[in-house]
Amino acid sequence: SAPPLDLRATLKQVDGNLIAGVIGYAVNSFVAAEPELETVLDEELSDAGRHMLDKTANQCIGDSILTFPLKSTNEFTATGESLDQIIERRPELRELMDSQRLGQKAPAVPVRLQGNLNDDVIPYEPIKNAAATWCAGGTDVEFVTDGLPPIVPRSAINHLTPYLTNINSVNDYLVDRVLDRPAPQN
């Protein structure tokens, strides 16, 4: 699957998911890069939210699955709003999220993007939109849609399985680029 091109769309997809703890990874990263966000967090997070950030700061995905499975961000805010609702209400957070949106500029090298229609972590539409934007910008893009049906919703299985089922085609794509063969495009 492609990277999280639109963090806000990814947030909505992961909120309440088995791997909801990854939201803590992102928030902690933003605070490390922009310490002034601490003030916003002090205003918006509950004690449970501060605890979640403290715990996820030193966790790997397995730990987070065991600690924060299927948690919704409204369980971690002072108002009971979801993190997305708080982002919508706070212009400085909206601007930060918008500044992190990937896929707006066409890469100078060929790209293979893969999106899963039923990915329960990375939304499909931003990947599809980036492929179209990059093609229009002159990049050779091979866009692959994986149609794996939903297996266990909100479990990240539909995010992880395509890595395994598409590994050979991804490997072939990379080998062809190393061997300087023409990049496919669609």
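These numbers come from a predicted model, not from an experiment.
- Hydrophobic clustering, with ILVMFWY side chains joined whenever heavy atoms are under 4.5 angstrom apart, keeps Y173 apart from V141.
- Using a 30° and 60° split on the angle between ring planes, F143 and Y124 fall in the tilted class, from 30° to 60°.
- Minimum heavy-atom separation, P107 to T139: O-OG1, 2.5 Å.
- When atom types are taken as modelled, the side chain of W134 and the backbone of D140 share no donor-acceptor pair closer than 3.5 angstrom.
- The shortest distance between side-chain heavy atoms of P4 and Q13 does not fall below 4.5 Å.
- Side-chain atoms of N158 come within 3.5 Å of backbone N or O of P149 as a donor-acceptor pair.
- At distances below 3.5 Å, not a single donor-acceptor pair connects side-chain atoms of T56 with backbone N or O atoms of Q59.
- Counting non-hydrogen atoms of other residues, nucleotides and ligands closer than 6.0 Å to CD1 of I167 gives a total of 12 or fewer.
- The two atoms that bring E92 and R90 nearest to each other are OE2-NH2, 2.7 Å, heavy atoms only.
- For the atom pair CD of Q104 and CG of D98, the computed distance is 9.5 Å after rounding to the nearest 0.5 Å.
- Y163 and I151 are not part of a single hydrophobic cluster, where members link through side-chain heavy atoms under 4.5 Å apart.
- In plain terms, the two heavy atoms of S64 and G21 that are nearest each other are CB-CA, 4.0 Å.
- Both I87 and L102 are members of a single hydrophobic cluster when ILVMFWY side chains are connected at heavy-atom separations under 4.5 Å.
- Taken together through direct or relayed side-chain contacts under 4.5 Å among Ile, Leu, Val, Met, Phe, Trp and Tyr, L93 and L53 form part of one hydrophobic cluster.
- Of the candidates I23, L83, T77, D15, S72 forms a side-chain contact (heavy atoms from CB on, under 4.5 Å) with just one, namely D15.
- Considering only heavy atoms from C-beta on, L148 stays 4.5 Å or farther from T165 through its side chain.
- Residues V40 and M97 are members of one and the same hydrophobic cluster, defined by side-chain heavy-atom contacts under 4.5 angstrom among Ile, Leu, Val, Met, Phe, Trp and Tyr.
- Under the side-chain contact (heavy atoms from CB on, under 4.5 Å) test applied with P150, the options D120, N118, L117 reduce to a single match, N118.
- Residues F76 and V27 form no side-chain contact, since every pair of their non-hydrogen atoms from C-beta on lies 4.5 Å or further apart.
- L113 and A2 get closest at one heavy-atom pair: CD2-CB, 3.8 Å.
- Closest heavy-atom contact between A20 and M52: O-CE, 4.3 Å.
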Evaluate L96 against L37 for side chain to side chain contact (heavy atoms under 4.5 Å, CB included), listing each step before the verdict.
CA-CA 10 Å; L96 176 64; L37 289 175; 3.6 Å; yes
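- A donor-acceptor contact closer than 3.5 angstrom links the side chains of H159 and D119.
- Put simply, CG on L5 and CD1 on I122 are 8.0 Å apart, with the number rounded to the nearest 0.5 Å.
- For the pair N74 and G80, the tightest heavy-atom approach, listed with the atom from each and the gap, is CB-O, 3.0 Å.
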V31 vs E38, test: side chain to side chain contact (heavy atoms under 4.5 Å, CB included). Steps then yes/no.
CA-CA 7 Å; V31 172; E38 279 288 349; 3.3 Å; yes
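- A distance of 4.0 Å separates CZ of R112 from OG of S169, quoted to the nearest 0.5 Å.
- When the shell of 6.0 Å around CG of D47 is examined, it contains 12 or fewer heavy atoms from other residues, nucleotides or ligands.
- Interatomic distance, OG1 of T145 versus NZ of K128, reported as 7.5 Å (0.5 Å rounding).
- Residues R94 and R8 form a side-chain contact, since some pair of their non-hydrogen atoms from C-beta on lies under 4.5 Å apart.
- At least one donor-acceptor pair under 3.5 Å links the side chain of Q85 to the backbone N or O of S82.
- With respect to the salt-bridge test (charged N to carboxylate O, under 4.0 angstrom), the residues E142 and R177 do not qualify.
- Separation of atoms CG (N17) and OG (S155) is listed at 7.0 Å; rounding is to 0.5 Å.
- For T73 and D84, the side-chain atoms include no donor-acceptor pair closer than 3.5 Å.
- The structure places OG1 of T161 at 8.5 Å from CG of N116, a figure rounded to the nearest 0.5 Å.
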